[in-house]
2 protein chains.
Amino acid sequence: MPSSTVENYLKRIYLEEQADPGAAVVSMKNLAGAMGVTPGTATSMAKSLADSRFVAYEPYGGVKLTARGRTLALRILRRHRLIECFLVEALGLDWSEVHDEAESLEHAISDKLLDRIDEFLGFPSVDPHGDPIPTAAGEVRQTLLTALTDVEEGADVRIARILDQDEKFLRFVDRHRLRPGTRGRVLAHDHAAEAVTIQSGKLPAVTMGRTAAAKIMVEIVKG
Amino acid sequence: MPSSTVENYLKRIYLEEQADPGAAVVSMKNLAGAMGVTPGTATSMAKSLADSRFVAYEPYGGVKLTARGRTLALRILRRHRLIECFLVEALGLDWSEVHDEAESLEHAISDKLLDRIDEFLGFPSVDPHGDPIPTAAGEVRQTLLTALTDVEEGADVRIARILDQDEKFLRFVDRHRLRPGTRGRVLAHDHAAEAVTIQSGKLPAVTMGRTAAAKIMVEIVKG
DNA sequence: ATCCTTTTTTTGACTAATCAAAATCGCGTC
DNA sequence: GACGCGATTTTGATTAGTCAAAAAAAGGAT
């Protein structure tokens, strides 16, 4: 069995690949940054992941998950996201605080218990942040979403996914009723000022900067 | 924070001390046996636990928990037992299979989540095996129980606690309706043959040997 | 083509946890 | 009091994961 360190690296590599689908590989710099280790550590781990055939590693190039590595990464992600759902559903934790908890539980839970949880939850397809839950077979259903930065003024949208697990950011999202599933309208989109103004429910509209808006994925609602 | 290895050693030392309250200390042989490591490993861990002031270690003697060590051991035990309750209550797992799962989750769960679980369960005082759940303050309410081996023929008893987490044994107990909380009657106690016959509900009576009976703790019901 | 900066790799060291096997200790028996 | 056996400790080695700092490579700018 791979250690939880290995599991974390693979998960992280997967997420980095997703975050920048353009890049063919994940650099040691990015990997080290994402894992909070020094570059030398990332290099030596990359080699050992390659030895286990979880990644393809090209010296001075970077790493890229193999099919085997991706399968494992998705298994961890599945665990992580099902646990997040469970903590919210069964115990009423707030969606802004479940990420860190899931981060450690994902390595400790058995497959059997995970199946129970999946069943308990009614086989959900997304977690509380709107992130898709990979199937047990290792497939992810990708939905086509638009970043809030790419939405034109006046559009009606349904918030679908928040691409940031940071508790502070999630609480900001929550305060303005922008959590996945809610509807909203883009009141203004000032490209020069790099600011988007959105309004949800009866709450006052909120204006946010480009980087914040880029982390909010929506579906555009035809009206 | 102590590693989960350290947590496991402390928990194990606590349980060994409980299992043989007569002995002043836990020997390296017993500790190594209980932890499934070689004696040399137990010795070196004993030293390092002593350095952290979790145990008092006497070379060629043994180890004994300090107050500090006991507090931590009880914290782990509390986690373990609350998790067992939770898995049975919330997810309907069988009490015979929750022990191993709790064994790994106990090191991964946060205090905050544990408190939620405790609340969810209504602050239980015993787990599904009848083992007492230490309080958050680190106290254990010890109840006075009698081993089935010490019960006279004809006595009515209430099963209170099973001193063995082994799945096979627990399923045996279950099959004969002897789980904690149920009532039964000791039909025969043959001291020479070291066998006890007990009957519960409408089921046929079952006869078990001394070592099995010693693991079943009961309260004697006055009639 | 050379230099400079950034990235990557290498090297050497450290900690935690473990084992195997050799050395040593403690203690009951004769 | 010496012997011997079982328990304990020591020693030397291994693996996983990490860091700091030195060395090397890549690649763009001049």
Side-chain angles (χ1 to χ4, degrees), chain A residues 1-13 16-17 19-20 22-65 69 72-73 76 103-104 106-108, chain B residues 1-13 16-17 19-20 22-65 69 72-73 76 103-104 106-108:
Chain A
M1 290 300 100
S3 69
S4 53
T5 305
V6 165
E7 292 185 343
N8 278 331
Y9 274 92
L10 294 177
K11 183 180 64 173
R12 200 44 63 185
I13 292 168
E16 289 295 312
E17 286 183 352
D20 184 0
V25 294
V26 178
S27 71
M28 291 305 110
K29 185 179 190 244
N30 287 173
L31 182 55
M35 289 298 298
V37 299
T38 59
T41 302
T43 298
S44 77
M45 184 51 90
K47 284 180 187 168
S48 103
L49 293 176
D51 287 347
S52 314
R53 302 194 343 279
F54 287 129
V55 301
Y57 166 60
E58 195 64 45
Y60 296 101
V63 289
K64 192 165 109 163
L65 290 177
L72 187 45
I76 308 310
E103 205 74 11
S104 55
E106 68 192 9
H107 308 293
Chain B
M1 292 298 102
S3 67
S4 52
T5 304
V6 165
E7 291 184 344
N8 279 329
Y9 274 92
L10 294 177
K11 184 180 62 172
R12 200 45 63 184
I13 293 167
E16 290 294 311
E17 286 183 352
D20 184 1
V25 293
V26 177
S27 70
M28 291 306 109
K29 185 180 191 243
N30 285 233
L31 182 55
M35 289 298 298
V37 298
T38 59
T41 303
T43 298
S44 77
M45 184 50 91
K47 284 181 188 169
S48 102
L49 293 176
D51 287 346
S52 315
R53 303 194 342 279
F54 287 129
V55 302
Y57 165 61
E58 194 65 44
Y60 297 101
V63 289
K64 193 166 105 162
L65 289 176
L72 187 46
I76 308 308
E103 204 73 11
S104 55
E106 69 192 7
H107 308 294

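Quick note: numbers below take in every heavy atom, side chains included, and nothing from hydrogens, waters or symmetry partners. Fair warning: this is a prediction, and the values are worked out from it, not measured in the lab. Letters go in sequence order (proteins before strands), and every chain restarts at 1.
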**Item:** Flag, side chain of Ser4(A) to backbone of Glu7(A), donor-acceptor distance under 3.5 Å
**Value:** no
**Message:** Could you tell me how far apart Met35(B) (CE) and dT18(C) (P) are, to the nearest whole angstrom?
**Reply:** 6 Å
**Prompt:** Looking at side-chain heavy atoms only, is the closest gap between Val25(B) and Tyr57(B) below 4.5 Å?
**Reply:** no
**Prompt:** Quick one: Asp51(B) CG to dA16(C) C1', roughly how many Å, whole number?
**Reply:** 13 Å
**Message:** From NZ of Lys47(A) over to P of dT15(D), roughly how many Å is that when rounded to an integer?
**Reply:** 17 Å
**Message:** Can you identify which nucleotide, out of dG26(C), dT18(D), dT8(C), has its nearest atom closest to the Tyr60(B) side chain?
**Reply:** dG26(C)
**Message:** Whether Thr43(A) contacts dT10(C) is assessed here as follows: a side-chain N or O lying under 4.0 Å from the phosphate OP1 or OP2. Is that the case?
**Reply:** no
**Item:** Selected nucleotide, minimal atom distance to Met45(A) side chain, candidates dG17(D), dT18(C), dT9(D)
**Value:** dG17(D)
**Complete:** Between CD of Glu58(B) and C1' of dA7(D) the distance, given in whole Å, is 16 Å
**Request:** Please work out if Ser44(B) contacts a base, only the sugar-phosphate, or nothing of the nucleic acid, heavy-atom cut-off 4.0 Å.
**Result:** base
**Item:** Protein-nucleotide distance (Lys29(A), atom NZ; dA26(D), atom C1'), rounded to Å
**Value:** 15 Å
**Item:** Side chains of Val63(A) and Leu49(A) in contact at under 4.5 Å (non-hydrogen atoms)
**Value:** no
**Request:** Starting at atom CE of Met28(A), determine the distance to atom C1' of dT18(D), rounded to an integer number of angstrom.
**Result:** 16 Å
**Request:** Carefully, step by step, assess Met35(A) and Glu16(A) under the rule side-chain contact (heavy atoms from CB on, under 4.5 Å).
**Result:** CA-CA 11 Å; Met35(A) 289 298 298; Glu16(A) 289 295 312; over 6 Å; no
**Prompt:** Is the shortest side-chain N/O distance from Tyr9(B) to OP1 or OP2 of dA16(C) below 4.0 Å?
**Reply:** no
**Asked** Any side-chain heavy atom of Glu106(A) sitting closer than 4.5 Å to one from Asn8(A)?
**Response** yes
**Asked** Closer than 4.0 Å, any side-chain N/O of Ser3(A) to the OP1 or OP2 of dG17(D)?
**Response** yes
**Asked** Taking OP1 and OP2 of dC19(C), is either one under 4.0 Å from a side-chain nitrogen or oxygen of Thr41(B)?
**Response** yes
**Message:** Between Tyr57(B) and dT9(D), is there a contact of a side-chain N or O with OP1 or OP2 at under 4.0 Å?
**Reply:** yes
**Prompt:** Which nucleotide in the list dT9(C), dA20(D), dT10(D) gets nearest to the side chain of Thr38(A)?
**Reply:** dA20(D)
**Prompt:** Starting at CG of Asn30(A) and ending at C1' of dT6(C), how long is that distance when rounded to a whole Å?
**Reply:** 13 Å
